[in-house]
Amino acid sequence: MIRDQIRQIVTKAVASAQSSGNLPQIEFPPVEIERPNQPDHGDYSSNFALLAASAIKKASGRKANPRQLAQSIVDNIPADEMVGSVELAGPGFINFRLNQGWLQQSVLSIIDQGACFGAIDRGKGQRWQVEYVSANPTGPLHYGGGRNAVLGDALANVLEAAGYDVQREFYVNDGGSQIQLFIESLYACYLQLCEKLDGAPVRNVEIPDGAYQGAYLHDYARLVREQVGDRLAHLEPAEAREALRDIGREIVVTDIRDELAAMGVTFDRWFSEKSLYDEGLVDRLLKELSEKGEVIKRDGAHWFLASKYPGNEKDEVVVRSSGAPTYFASDIAYHYDKFVRRRFDRVVNVWAVDHQGHVPRMGAIMRALDLDPERLTILLYNLVKLIREGQEVKMSKRSGDFLTVREVVEEVGPDAMRFMLLTTSPESGIEFDMSLAVQRKNENRVFYVQYGHARICSLLQRAADSGHRNPEALPEDASEVVNLLTDPAELALIRRMLEMEEQIELAVERLSPHNLTYYAEDLTKTFSVFYENCQVLHSDVPQPLARARLLLILAARTALSRVLSLMGMSAPQEM
RNA sequence: GCGCCAGUAGCUCAGUGGAUUAGAGCGUCGCCCUGCGGAGGCGAAGGUCGCAGGUUCGAGUCCUGCCUGGCGCGCCA
C-alpha cells in the first residue's frame with residue numbers, strides 16, 4: 001500500500017538520521033502518514049517532526065525545532081521511483097508528492113489487477129466469521145433487517161478483499177419459544193385452510209397469546225397444504241405440530257433465503273440453533289459451567305453468574321424454573337462452537353441496536369469459556385426510518401403488517417436499497433427515502449455512480465465500433481503510451497483510483513464499510529471531470545493520446561466496478 | 001435513575017489514529033451544449049462542529065459536566 005511504503009521511507013529516514021547523530025537516540029512515536037485535505041500539501045504528509053519535537057522535550061527537557069528535525073529527516077530520504085518530491089512545509093510537516101511517471105504506469109497495474117484491484121494482505125489468511133441477519137425464522141424479513149444484510153455482506157466483501165478468510169453465517173433460531181409459537185400459529189392457519197378446502201375435521205386448537213397473525217401465514221399454510229395435503233389435519237395435534245416443525249421451518253427459511261438472494265445476499269452456512277440441543281452440546285456446556293461454578297441453581301432456575309464479569313450488572317437465566325432453556329443457553333453453546341470447535345480467529349456478529357443490552361453478557365460468555373473477549377465483536381447498527389413522499393412509513397407491528405425486505409427491494413431495486421442502507425455509519429440512524437431512491441435524477445446518488453460506469457462502458461463500446469483495438473489486451477507499447485497522460489484531470493483520476501487500497505483498509509479497520517459509498521461517488525466525480533475536460537474519441541485527439549485515454553478509462557471501469565461489487569451492487573453496462 | 005449511541009451548512013450525512021484554510025450530495029442563486037450518454041461540468045452564498053469548562057504549541061476529534069433526541073435496563077428475543 002502506498003501509504004505504508006511512505007511510512008517505511010520516513011521510518012527508515014528517521015533511523016538513519018538517528019544513527020548519524022542528527023536525531024537523538026530516544027524512543028519516538030510511530031510514524032503516521034495522512035492524506036492532506038489541501039492539494040497544495042501534496043499527496044501524503046507526515047507530522048512526525050512535530051510529534052518528535054514534543055517527544056524530545058519530554059525526554060530531555062530541551063526544546064527542539066520541528067522544522068530542523070523535519071529537515072534532517074528529509075535529508076535522509078533516498079530517491080524513490082514512486083516519490084516525485086518531498087517538501088518541508090509549515091511548522092514542520094513533510095509533504096510527499098507522487099511521481100508522475102509512476103502514476104502513469106500504475107494505470108497498467110490497475111488494469112492488470114482487474115477484479116482484484118485494491119486487494120491488500122492485512123488479514124494474512126486469518127479465519128473470520130461474519131454472522132449477520134440471523135432474524136427469527138417466523139416470517140418474512142422486516143425491512144430493517146435489510147440494513148443488517150447490507151452491512152454484514154459488504155463487511156464480508158471488504159474483509160475478503162483485505163486478505164481474510166471469511167465465512168458468512170446466518171444463525172437460525174429454530175430452537176426456542178418463538179419458533180414454537182410460529183409453528184402453532186401456522187398449524188392453526190393450516191387447519192382452517194384444510195377445513196375450508198378439504199372438509200377436514202374441525203379441531204379447536206388453542207391459539208396462544210401473542211401468536212403470529214400476519215397475512216403471510218396464510219401463504220405459508222397454502223404451501224404446507226401443497227406439500228402434504230390435508231394429512232396433518234387428521235393427526236393428533238401433538239403429532240401434527242411435530243411434523244409441521246420441520247416443514248414450517250423449511251418454508252420460512254426458504255422464504256428468507258429467497259428474499260436475501262433478491263438483494264444479492266447469500267450465506268455460506270445456515271446454522272441451526274436446534275442442532276446445538278439435538279447433539280447435546282447445550283446440556284454438556286451447562287453441566288461443565290455448573291461444575292466450574294459459573295452456573296448455579298437459584299429460585300428454581302439456573303443462572304449464569306454474569307455479574308462477576310466486567311460490564312455486567314446482573315446474572316442471566318439459562319434454564320427457567322419451567323425447565324425450558326433461554327436463548328442465552330444456546331448462545332453459550334453457539335459461541336463455543338464458533339471459537340473452540342470451528343476455531344475462528346475472530347467473529348463479528350451484526351446486531352440491531354435494540355439488542356445492545358446483550359453485548360456485555362457476550363463478553364461474559366467468552367470469559368467463562370476461557371476465550372479472549374477481543375475475538376468477538378458485536379457490531380451494532382441503528383434503526384432505519386422509511387420515508388415515502390416526505391412522510392415516515394408507519395408500521396403496525398401488532399397485526400404483522402410491516403413492510404418486508406422483499407417489498408422494499410421490489411419498490412426501489414436491490415442496488416438502490418444496498419447503496420442507501422450503506423451510506424451512514426452503523427451507529428447513525430438512516431432516513432431511507434424510497435421516493436428518492438427510485439428517481440432517475442442526479443439527486444439520487446446511486447444513479448450517479450452507476451451512470452458513470454455505464455458511460456465508461458459506452459465509450460469503450462464506441463471505441464471498439466470505430467476500429468480501436470480492444471485495450472484490454474494491453475498493447476506492447478502500453479507503458480510508453482500511458483506517459484501521454486499528463487492532463488491534471490487525468491492525473492487526478494489516477495490518484496483517486498489509487499485510494500482503493502486505503503478505502504478497503506479503512507472499512508476493515510473500523511468494521512464499517514459505509515466509506516465505500518462516498519469513495520464510489522468521489523471516483524465517479526473525478527471521472528466525470530476527466531470526461532468533461534478530456535476528449536477520447538474525437539478527430540482532434542491524436543491517435544496515441546486516444547489510446548492512452550482508452551487505457552485510463554479501462555482502469556476507471558475496473559476501479560468503479562470493483563467498488564460497486566464490494567458494496568454488492570451491479571455495475572451496469574447501460575442504463 | 002443507570003447505561004449505550006447520536007447532535008457538524010436550509011435538508012440528508014461524511015470527517016472522531018488531534019495538525020497546515022472543517023467536507024460531500026441535495027436544495028438556493030449564477031454560468032457552460034454546432035464535442036464521446038446534460039442522468040454532466042464550473043462557480044457563489046451558506047457552519048460560534050448542541051452548550052460550558054479542561055488537557056495540548058494546536059481539539060469537530062481526547063477528558064469532565066450539562067442540554068436535547070433515539071435505544072436499552074424481564075425466569076422475552
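Order of the sequence lines fixes the chain letters, A, B, ..., with proteins taken first and strands second; residue numbering starts at 1 for each chain.
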Among [options], find the nucleotide with the atom closest to the side chain of [X].
| X | options | value |
| --- | --- | --- |
| A:R455 | B:G40, B:G72, B:C36 | B:G40 |
| A:Y448 | B:C36, B:C76, B:G41 | B:G41 |
| A:E521 | B:G25, B:C71, B:C13 | B:G25 |
| A:D299 | B:C75, B:G41, B:C36 | B:C75 |
| A:L50 | B:A19, B:C75, B:G15 | B:A19 |

Measuring only the [atom1] atom in each nucleotide, how far is [N] from [M]? A whole number of Å is fine.
| N | M | atom1 | answer |
| --- | --- | --- | --- |
| B:C73 | B:C57 | P | 45 Å |
| B:G17 | B:U12 | C1' | 27 Å |
| B:C66 | B:A44 | P | 43 Å |
| B:U64 | B:G27 | C1' | 39 Å |
| B:C62 | B:G15 | P | 12 Å |
| B:C32 | B:C13 | C1' | 29 Å |
| B:C26 | B:C67 | P | 39 Å |
| B:G60 | B:G74 | C1' | 40 Å |

Would you say [X] reaches [N]'s phosphate, i.e. side-chain N/O to OP1/OP2 under 4.0 Å?
| X | N | answer |
| --- | --- | --- |
| A:R320 | B:G74 | no |
| A:T517 | B:A24 | no |
| A:R445 | B:A39 | no |
| A:K525 | B:G40 | no |

Nearest-nucleotide wise, let me know which of A:Y518 and A:Y531 is further upstream toward the 5' end of RNA chain B.
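Residue closer to the 5' terminus by nearest nucleotide: A:Y518.
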
Any idea if B:C33 is syn or anti, going by the 90°-from-0 cut?
syn

Aromatic-base stack, A:H41 on B:U20, cutoff 5.5 Å, angle under 30:
yes

Between A:F93 and B:U20, do the rings stack, that is, sit under 5.5 Å apart with planes less than 30° off each other?
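Stacking is present between B:U20 and A:F93, given that their ring centres fall under 5.5 Å apart and the planes under 30°.
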
Evaluate the ring planes of A:F530 and A:F527, with Trp represented by its six-membered ring, and classify them as parallel (under 30°), tilted (30 to 60°) or perpendicular (over 60°).
tilted

Look at the rings of A:F170 and A:W270 and say which category their plane angle falls in: under 30° parallel, 30 to 60° tilted, over 60° perpendicular.
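Ring orientation of A:F170 relative to A:W270: parallel.
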
Contact list (N/O, under 3.5 angstrom) for nucleotides 16-18 of chain B vs protein:
from  : atom 1 : to     : atom 2 : distance (Å)
B:U16 : OP1    : A:R510 : NH2    : 3.0
B:U16 : OP2    : A:R510 : NH1    : 2.7
B:U16 : OP2    : A:R510 : NH2    : 3.0
B:G17 : O6     : A:R3   : NH1    : 3.0

Record whether the side chain of A:N95 comes under 3.5 Å of the base of B:U20 through a donor-acceptor pair of N or O atoms.
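By the distance-only test, yes, there is a pair.
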
Any donor-acceptor N or O pair under 3.5 Å, side chains A:E32, A:N47:
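No, A:N47 and A:E32 have no side-chain donor paired with an acceptor closer than 3.5 Å.
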
Which pair of non-hydrogen atoms, one from A:G452 and one from A:T524, has the smallest distance, and what is that distance?
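In this case the closest contact between A:G452 and A:T524 is CA-CG2, 4.0 Å.
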
Suppose we call two aromatic rings close when their centres sit under 6.0 Å apart. Are A:Y171 and A:Y334 close by that rule?
yes

Do the numbers put A:R35 on top of the ring of A:Y44, so that NZ or CZ is under 6.0 Å from the six-membered ring centre and no more than 45° off the axis?
yes

Note, RNA chain B 5' to 3' with Watson-Crick or G-U pairs under 3.5 Å encoded as ( ), [ ], | and . gives (((((((..((((.........)))).(((((.......))))).....(((((.......))))))))))))....

